[in-house]
S.K.: 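Provided herewith is a single structure, encoded as structure tokens, for subsequent inquiry.
For this chain, numbers begin at 1 and follow the sequence in order. Each ligand, and each atom within it, is numbered from 1 in the order the structure gives. Hydrogens, waters and symmetry mates are skipped; everything else that's a heavy atom, side chains included, is used.
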Amino acid sequence: MFKRLLAIAAVLVLTPAVASADPIVIKYSHVVAEQTPKGQAALKFKELAEKKFPGRVEVQVFPNSQLFGDGKEMEALLLGDVQIIAPSLSKFSKYTPKLQVFDLPFLFDNLQAVDRFQAGPHGQALLDSMSDKGLKGLGYLHNGMKQLSANKPLHLPADAKGLKFRIQSSDVLEAQFKVLGANPQKIAFAEVYQALQSGVVDGTENPWSNTYTKKFYEVQKYIMESDHGVLDYMVVTNAPWWNSLPADIRKGLGEAMTEAINHGNKIAFDEAAGYRQKVIDDKKAEVLPMTRAELNQWRKAMAPVWRQFEPEIGRDVINAALKANNRTAMKAASNTK
Ligand code: LMR
């Protein structure tokens, strides 16, 4: 009997040692191409995390909706089938309506303003706004400002009337096209190319890196330089899983993530112009600049969307976003002196 007890005790003592010899496997799933800011940030996280914890942590990155598409990835995260995802900020409204601020058309003047808002108190608070749903925001990751594309030139808002546009699963984006008299359709990212090619939709909106790497410009005749909104991400993890990690690993992974996000953000800032140029050079779609007068018409046409969503988002959040633009304006003015 005593021998048996000893044997059981030995098993109990040995079990944690055996278990800790297995690396912690972290699945990081996303929907875009590897060379994009998000794709590169995910690979950088793998590199840094595995370097910090050799043999203790293994990161498996799944790009291009290989593991989960955007319709399923959040559910998979909450079920523990994947540990890190980075959905666009447009895909969180089920979890917190405040993040809809990022979809308001013509709210942010440029990516620098988005960056300042995200770094400020309102932006930082939003990272924790879904903790009651089991989601922890590890940081914001940039992609870029969106361009409108279609099979006919869109100079004025009336040109979009009656057209079908693919949108992400966002009620704000739905309202943005409805207010133009257009017909928005929520379609998963992995299906966009085919939807454009087969004529299921006539147009869409996306930043340059996605338009280029997913070849949307091959199946769109015109891309309008509208910069009318932003497509950025929140890197999120399953909060109970994150909190269950050994403290040193959690700390180290947090640091690796911050560095990986900085790496991705630098790519987003540095390479957007390059992707735009590649689309122009390929000559498959015509890139149309938009005049300030034209943009003002679009801004005016889409303005009702702000009023529609203000109660859900909160005026304080919208004002903080506007303030991030003001600082741009002030900085620009002082630079020109
Ligand atoms: C989209 O669905 O258009 C984007 O959210 C894809 C992405 O992750 O950039």
Side-chain angles (χ1 to χ4, degrees), residues 28-43 45 61-77 82 84-95 99-103 105 111 114 137-150 164-174 176-177 184-197 200-217 219-220 223 226-236 260-261 264-265 267-269 271-272 275-276 279:
Y28 187 156
S29 166
H30 67 82
V31 300
V32 294
E34 280 197 319
Q35 66 267 45
T36 58
K38 180 157 69 177
Q40 289 297 304
L43 290 175
F45 175 71
V61 178
F62 300 90
N64 292 312
S65 310
Q66 262 166 26
L67 191 61
F68 295 106
D70 43 9
K72 286 271 180 296
E73 61 183 3
M74 204 83 85
E75 202 185 317
L77 183 76
V82 60
I84 300 178
I85 58 175
S88 109
L89 294 164
S90 312
K91 295 173 184 168
F92 284 98
S93 54
K94 254 209 258 166
Y95 301 89
L99 279 179
Q100 295 181 125
V101 67
F102 289 101
D103 278 346
L111 203 54
V114 177
L138 295 174
Y140 291 105
L141 180 59
H142 293 313
N143 185 333
M145 302 305 282
K146 291 180 291 186
Q147 320 304 326
L148 284 167
S149 66
K164 288 177 272 168
F165 286 90
R166 178 270 168 170
I167 54 164
Q168 304 173 75
S169 58
S170 152
D171 292 348
V172 179
L173 298 180
E174 188 169 52
Q176 170 192 278
F177 284 105
Q185 318 230 341
K186 294 178 180 174
I187 295 177
F189 188 62
E191 288 157 30
V192 177
Y193 182 91
Q194 224 199 334
L196 292 170
Q197 189 185 37
V200 165
V201 288
D202 308 297
T204 188
E205 50 169 16
N206 236 295
W208 291 112
S209 73
N210 282 351
T211 298
Y212 182 75
T213 57
K214 289 293 174 190
K215 303 189 189 321
F216 299 154
Y217 68 100
V219 284
Q220 291 280 262
I223 301 177
S226 51
D227 280 352
H228 62 285
V230 64
L231 196 160
D232 265 15
Y233 309 106
M234 191 189 287
V235 184
V236 281
I261 285 177
N265 285 350
I267 293 173
F269 276 112
E271 295 185 6
Y275 279 121
R276 172 182 172 274
V279 171

S.K.: For atom 5 (O) of ligand 1, which protein heavy atom lies nearest, and how many Å away is it?
M.R.: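 Going by distance alone, atom 5 (O) of ligand 1 is nearest to Gln168 OE1, 2.7 Å.
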S.K.: Going by the order shown, which atoms of ligand 1 are within less than 4.0 Å of some heavy atom of Asn206?
M.R.: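 Result: 3 (O).
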S.K.: Of all the atoms in ligand 1, which lie at a distance below 4.0 Å from a heavy atom belonging to Val31?
M.R.: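 Ligand 1 atoms under the 4.0 Å threshold to Val31: 6 (C), 7 (C), 8 (O).
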S.K.: Show the atoms of ligand 1 that are less than 4.0 angstrom away from any heavy atom in Ser88.
M.R.: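 Selected atoms, number and element: 5 (O).
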S.K.: Answer yes if the side chains of Gln147 and Asp227 hold a donor-acceptor pair under 3.5 Å, and no otherwise.
M.R.: yes
S.K.: Taking the side chain from Thr204 and the backbone from Arg166, do they hold a donor-acceptor pair closer than 3.5 Å?
M.R.: yes
S.K.: Does a donor on one side chain sit under 3.5 Å from an acceptor on the other, for Asn210 and Lys146?
M.R.: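 No pair is found: no donor N or O on one side chain lies under 3.5 Å from an acceptor on the other.
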S.K.: Give me the ring orientation class for Tyr212 and Tyr217: parallel if the planes are under 30° apart, tilted from 30 to 60°, perpendicular past 60°.
M.R.: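 Tyr212 vs Tyr217 ring planes: parallel.
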S.K.: For ligand 1, note which part of Arg166 has a heavy atom under 4.0 Å away: side chain, backbone, both or neither.
M.R.: side chain
S.K.: Among all protein heavy atoms in this structure, tell me which lies nearest to atom 1 (C) of ligand 1, with the distance rounded to 0.1 Å.
M.R.: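 Looking at atom 1 (C) of ligand 1, the protein heavy atom closest to it is Phe189 CD1, 3.3 Å.
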S.K.: Give the atom numbers and elements of ligand 1 that come within less than 4.0 Å of a heavy atom of Lys91.
M.R.: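 Contacts of ligand 1 toward Lys91, numbered from 1: 1 (C), 2 (O), 4 (C), 5 (O), 6 (C).
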S.K.: Could you tell me whether His30 approaches ligand 1 through its side chain, its backbone, both or neither, with non-hydrogen atoms closer than 4.0 Å?
M.R.: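 Answer for His30: neither.
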S.K.: Kindly say whether His142 contributes a backbone atom to a donor-acceptor pair with the side chain of Asn265 at under 3.5 angstrom?
M.R.: yes
S.K.: Considering only heavy atoms, does Val192 approach ligand 1 within less than 4.0 Å through its side chain, its backbone, both, or neither?
M.R.: neither
S.K.: Within a distance under 4.0 Å of any heavy atom of Lys38, pick out the atoms of ligand 1 and give their elements.
M.R.: 7 (C), 8 (O)
S.K.: Is a side-chain donor or acceptor of Lys38 paired with a backbone partner of Ala86 at a separation under 3.5 angstrom?
M.R.: yes
S.K.: Without hydrogens or angle criteria, can the side chains of Glu205 and Gln176 be said to hold a donor-acceptor pair below 3.5 Å?
M.R.: yes
S.K.: Tell me the protein heavy atom at minimum distance from atom 9 (O) of ligand 1, and give that distance in Å.
M.R.: Tyr233 OH, 2.5 Å
S.K.: What atoms of ligand 1 come within less than 4.0 Å of a heavy atom belonging to Val32?
M.R.: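 Those of ligand 1 that fall under 4.0 Å from Val32 are 7 (C), 8 (O), 9 (O).
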S.K.: Relative to the heavy atoms of Asp70, which atoms of ligand 1 are at a distance of less than 4.0 Å?
M.R.: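 What qualifies from ligand 1 is 2 (O).
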S.K.: What residues form a salt bridge (charged side-chain N to carboxylate O under 4.0 Å, His left out) with Glu73, not counting sequence neighbours?
M.R.: none
S.K.: Indicate whether the side chain of Ser209 and that of Asn143 have a donor and an acceptor atom separated by less than 3.5 Å.
M.R.: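 The answer is yes; a qualifying pair exists.
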S.K.: Does Leu231 approach ligand 1 within less than 4.0 angstrom via side chain, backbone, both or neither, non-hydrogen atoms only?
M.R.: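 The side chain, only.
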